[in-house]
Asker: 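One structure is given below, represented as structure tokens, and several questions about it will come after.
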Amino acid sequence: MSTPATSNTVVQELLIAPQVQAAFRLFESQADKITAEQIEISAIAAPPFGEQGRAEYFRSKLSESGLVQAEIDEAGNCLALYAGRTAAPLLVVSAHLDTVFPAETDLQLRRSGSRLLAPGISDDGCGLTALLAIARALVTNKVQVDTSILFVGTVGEEGEGNLRGVRHLFNAGKWAGKIAAFISLDGAGLEQITNGALGSRRYRVLLSGPGGHSWGDFGLANPVHALGRAISSLAAYPAPLDPRTSFNVGRVSGGSSINAIPEEASMEVDLRSISEDELVRLDAFFRRMVREAFEQENAIRRKDTPPLELSMNLIGDRPSGETPVHSHIVSLALEATRALAATPVLERASTDANVPIALGIPAITLGAGGTSGNQHTIAEWYDPRDRHLGLKRALLVILGLAKLSAGS
Ligand SMILES: [Zn+2]
């Protein structure tokens, strides 16, 4: 894999620029302050569809750090601007406000050696904190850039949030159509560069019928039997290894008693592929199998009894795609990672970057330094040691894209 010399040159020039060196020193000298901010942010609950409190707090912190036009948009995203010479096109640097944890989760911080333990401390307390540290480094050192940088805390990145915040940003918000590149800072790490968008579709399927006695009403359409047929067909789907494709029936429920024909049966299904074509194929197969299973059960039911009803809801839809390895943004990220003596690894995941990637806008997701584990569990931990390396890497990529203004 070769990287165009230009990205290398850009990174090398940034490394010797006095303002960049001053920003780097700030990341080191403010390490404790940055960690304290991370702890504060992570202590504010931000369950799916309940990010308002954290968004308000984050808006005030972005203002405090010296950014302008800090606001919360119609979707609930928090936005603030670092103005460059041109107002648009923009570079967006984002992190997500939401966590996977329900509102009642105990967010109390615990410590174990250098580790901080709290739900959401890394995902994405780490990214949100990085945004503040980077904003402050730009403002404090009066770094002049050509391209304006929009800092965004997004809502709805996790699970059923279905990327609604970033979708709004690109499709409907006031900056829609003006965003030229996108960097998401999500979690810890220094090596990973996520340039591939792992697409998924998620469904909730509900079958309902009259229900009755298992013996006395035998012959009524049975929603669990229909669901079983649909699951059996899906389980036999020949998902390709390349491009990698997967499916999962993650939850099933229904019925009330061993000797009652159920009134309802439901399932939640997750379909994924790195290829949009394969995802579309799997999705079509899945919907056809559900419909066939439903029709079969109705076809064999006793005459003159009510049929089953079917509702199939798409509850998640994330596009697939890839920012090319040889694009400027990926080349810069590769060079910046190497410049910090780390070995870059290209990855594929489902993040806020899925949305711009599907629109053909250069986008990547980076870890924001330090190390972490047990994400999406209440045992989540973050270790801030050497976090400054992740902040430096992010800053190099940001300034490589936004371009230091000549003479600044
Ligand atoms: Zn995340």
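Both ligands and their constituent atoms are indexed starting at 1 by order of listing. Since we're looking at a predicted model, the values are computed, not measured.
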Asker: Between Asn354, Asp124, Asp186, which is the residue that forms a side chain to side chain contact (heavy atoms under 4.5 Å, CB included) with Glu157?
Answerer: Asp186
Asker: Check Asp186 and report its N/O/S atom nearest to the Zn ion (ligand 1), by atom name.
Answerer: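 Going by distance to the Zn ion (ligand 1), the closest N, O or S atom in Asp186 is OD1.
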Asker: So, is Glu158 placed with an N/O/S atom under 2.8 Å from the Zn ion (ligand 1), counting both backbone and side chain?
Answerer: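 No, Glu158 does not qualify, because none of its backbone or side-chain N, O or S atoms lies under 2.8 Å.
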Asker: Can you confirm whether more than 12 heavy atoms, excluding those of Asn259, are under 6.0 Å from its CG atom?
Answerer: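 Yes, enclosed.
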Asker: Assess Asp123: does it contribute an N, O or S atom lying under 2.8 Å from the Zn ion (ligand 1)?
Answerer: yes
Asker: Above 12 or not: heavy atoms from other molecules or residues under 6.0 Å from CD1 of Ile378?
Answerer: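 Atom CD1 in Ile378 is not crowded, with 12 or fewer foreign heavy atoms closer than 6.0 Å.
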Asker: Would you say the rings of Phe247 and Phe286 are close, in the sense that their centroids are separated by under 6.0 Å?
Answerer: no
